[in-house]
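Have a look at the structure below, then the notes.
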Amino acid sequence: MVAKLDKIFDSFVKNRLFKDKSILQISHTPNNITHRDEQIEEVAAILAPALTGEKASNLFLFGKTGTGKTLCVKYVCDEMLKRVKQDGQDNLKFVYINCKMGKAADTEYRILAEIIKGLGGSVPITGLPTGSVYDKFKELVDERKQMIVIILDEIDQAVKKNSDSFLYSLTRVNSDLKNSQISLIGISNSLVFKDYLDPRVRSSLGEEELVFPSYNALQLQDILKNRAENSFKEGALDEDVIPKCAAFAAREHGDARRALDLLRVAGEVAEREGSKKVIQGHIDKANDKLEKDNMLEAIKKQPIQFQLVLYSIMKLYSSKNKSSFFTGDVFREYENLCSETKNDVLTQRRVSDIIQEFDMLGLINTEVISKGRQGRTREIKLMISKKIFSNAEGILRDSLNI
DNA sequence: CGAGATTCATGTGAAGTATACCTTTAGGCTTAA
DNA sequence: AAGCCTAAAGGTATACTTCACATGAATCTCGTA
């Protein structure tokens, strides 16, 4: 037995294609960023005043997912921190918050709580008036002279879900501070995001703006090559692998994150298969796997009531032979499901909101339509592909005990 | 025949409720002097 | 008497409910050509 295992381990170690897989992880910040020199310089120029204790302008970054917004900002922040440390100071702080839905920070209160946590303080999960959380935040910031830069990633999500009032409050905080100053960096995936904003917020937050263009296939190739060099062993990649990865990702509006994920997972697939090289076929498999994993992960994380609603929609799909349903259909199915599974039944009002949230998550696609005499409703289309359907069903059954 | 009124099935906003959790405060108990 | 703990009081955020009004095109109505 031991010999057998040894053999497995041996072949694993021997067939290792990766040198350092972490380089391909999105969290990795490479020390040279390809095709983003211009943007980095601009960001650096805008933030530079913070080094001398002056308030840097608020900054707004636009660009589709995977165009390097977060990366560039983090890179500049790291460099600035290094610099500050060199000079033996520590009056500059960066706080990075991701406001993506479903994450911890998707309401005003929770965003603020996250910021405080990032500054080393702590706030209860609930119970405090938002106002006093602001006070605590100010106190924490103002206890000594310092510059604070708050980075709000995927800020459009937070504003869409709540309102822009918290941004207004944040931009106003400066006037209550004696010693310190805060600067805000908003990162948004949506290019039209600014139109949703209150004019006051727009003008104060958008002191500086920067648009990140999407990468084209060639740029993506450069990025991939750059990272593959250190993460894969020599000769581990078939020569057409990188072009194909780039092409795949370029098709999805030049998403570099996607390209890197693709390459990494392709490597993992190849390794698991015991292949000596990553070849094109592995990329196709990786593509499937990524799509699958992301969606299933999103489903798994949903609260029970949300899962019930989703399962109802899926059930309608497999029983009826239609491609879209209306809120009423879903709600009736949902009621049945709840009584079957002995779960509390939420009102249709609430279910309607839940459906809307699923739309935002991209698991379904909805459109409010009027059917004339048959009233007004949402047309709901499931966006879960056939390949994943049964896996998704399985996950839901599991967690709902069906 | 066509303009306007009707209608249906929900969308949507506002206000209210339940729950879980937080801080403050007052009273009671313990402890040390 | 001082210090500490506990329970009650008073307050908030969040998820959800209740109530009420808004929607918008198919369909109906009815006056008119």
Side-chain angles (χ1 to χ4, degrees), chain A residues 97-140 152 157-170 173 196 198 298-299 301-313 316 320 322-339 341-361 363-382 399-400:
Chain A
I97 309 288
N98 191 329
C99 314
K100 198 177 186 166
M101 300 196 16
K103 292 240 172 173
D106 59 355
T107 68
E108 172 170 18
Y109 184 95
R110 299 211 265 240
I111 288 171
L112 213 47
E114 280 294 308
I115 295 176
I116 291 175
K117 215 166 97 190
L119 289 171
S122 71
V123 210
I125 325 148
T126 172
L128 286 192
T130 311
S132 72
V133 181
Y134 268 106
D135 290 343
K136 175 144 192 187
F137 167 61
K138 285 177 199 160
E139 198 180 297
L140 200 61
L152 298 165
Q157 301 259 355
V159 170
K160 210 185 281 174
K161 186 146 188 271
N162 311 296
S163 79
D164 54 9
S165 60
F166 78 93
L167 283 176
Y168 183 65
S169 317
L170 273 179
V173 166
Y196 295 116
D198 183 293
I299 293 173
K301 277 193 306 208
Q302 296 303 315
I304 293 176
Q305 287 295 347
F306 282 60
Q307 293 190 343
L308 285 165
V309 173
L310 188 60
Y311 191 74
S312 307
I313 299 173
L316 283 173
K320 309 265 190 301
K322 283 195 287 183
S323 68
S324 70
F325 298 93
F326 304 118
T327 306
D329 304 334
V330 173
F331 184 68
R332 281 183 286 280
E333 186 65 38
Y334 161 81
E335 275 180 313
N336 291 339
L337 185 62
C338 283
S339 64
T341 57
K342 303 209 169 54
N343 275 295
D344 292 341
V345 183
L346 300 184
T347 50
Q348 183 157 347
R349 178 73 186 78
R350 178 65 184 145
V351 171
S352 175
D353 280 349
I354 291 176
I355 289 172
Q356 210 178 17
E357 292 202 34
F358 273 133
D359 185 33
M360 287 214 253
L361 276 175
L363 256 40
I364 61 178
N365 210 324
T366 73
E367 192 184 352
V368 179
I369 55 163
S370 178
K371 292 189 293 165
R373 209 96 204 267
Q374 273 74 60
R376 226 162 94 90
T377 182
R378 267 203 188 82
E379 193 179 39
I380 300 160
K381 286 183 187 147
L382 195 61
S399 104
L400 298 172

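The figures here come from the full heavy-atom set of this structure, side chains too, leaving out hydrogens, waters and symmetry mates. Throughout, protein chains are lettered first and strands after them, A, B, ... in sequence-line order, and every chain is numbered starting at 1.
- Taking every heavy atom of residues 301-309 of chain A and every atom of DNA chain B, no pair lies under 4.0 Å.
- The nearest whole Å value for the distance from the CG atom in A:Leu346 to the P atom in C:dT18 is 11 Å.
- For C:dT17, one of the phosphate oxygens OP1 or OP2 lies less than 4.0 angstrom from a side-chain nitrogen or oxygen of A:Thr347.
- Atom CZ in A:Arg110 sits about 13 Å away from atom C1' in B:dC21, given to the nearest Å.
- Whole-Å rounding puts the A:Asn343 CG to C:dC16 P distance at 12 Å.
- Here the C1' atom of nucleotide C:dT14 and the CG atom of A:Leu112 are 16 Å apart, to the nearest Å.
- Rounded to a whole Å, the CZ atom of A:Arg332 is 11 Å from the C1' atom of B:dT10.
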Criterion side-chain contact (heavy atoms from CB on, under 4.5 Å) on A:Phe137 and A:Leu170, from CA distance to verdict:
CA-CA 10 Å; A:Phe137 167 61; A:Leu170 273 179; 4.1 Å; yes

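- Within 4.0 Å of A:Glu367, counting heavy atoms only, lies no atom of the nucleic acid at all.
- Atom CD1 in A:Ile355 sits about 14 Å away from atom P in C:dC16, given to the nearest Å.
- Side-chain polar atoms of A:Tyr334 and A:Gln305 form a donor-acceptor pair below 3.5 angstrom.
- A:Asp359 contributes a side-chain N or O that, together with a main-chain N or O of A:Thr366, makes up a donor-acceptor pair within less than 3.5 Å.
- Side-chain N or O atoms of A:Gln302 include one that pairs as donor or acceptor with a backbone N or O of A:Ala298 at under 3.5 Å.
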Contact pattern, 5' to 3', of nucleotides 1-9 of chain B - B, S or - by protein heavy atom under 4.0 Å:
-----BBBB

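- Listed here is the closest heavy atom pair of A:Ser352 and A:Arg378: OG-NH1, 3.1 Å.
- Within the 4.0 angstrom heavy-atom criterion, only backbone atoms of the sugar-phosphate kind lie near A:Val345; the bases stay farther away.
- Judged by distance alone, the side chain of A:Thr341 and the main-chain N or O of A:Leu337 form a donor-acceptor pair under 3.5 Å.
- The main-chain N or O of A:Ser399 is never found under 3.5 Å from a side-chain atom of A:Gln307 such that the two would form a donor-acceptor pair.
- No donor-acceptor pair under 3.5 Å is formed between the side chain of A:Asp353 and the backbone N or O of A:Arg350.
- Within the structure, a side-chain polar atom (N or O) of A:Arg378 is placed less than 4.0 Å from OP1 or OP2 of B:dT12.
- For the pair A:Glu357 CD and B:dG11 P, the computed distance is 14 Å after rounding to whole Å.
- Of all non-hydrogen atoms in A:Asn343 and A:Ile304, the two that sit nearest each other are OD1-CG2, 4.1 Å.
- At the phosphate of B:dT10, neither OP1 nor OP2 sits under 4.0 Å from any side-chain N or O atom of A:Ser370.
- Rounded to whole angstrom, the span from the CZ atom of A:Phe331 across to the C1' atom of B:dG11 amounts to 15 Å.
- Residue A:Arg349 has its side chain nearest to C:dT18 when only C:dT18, C:dT14, B:dG11 are considered.
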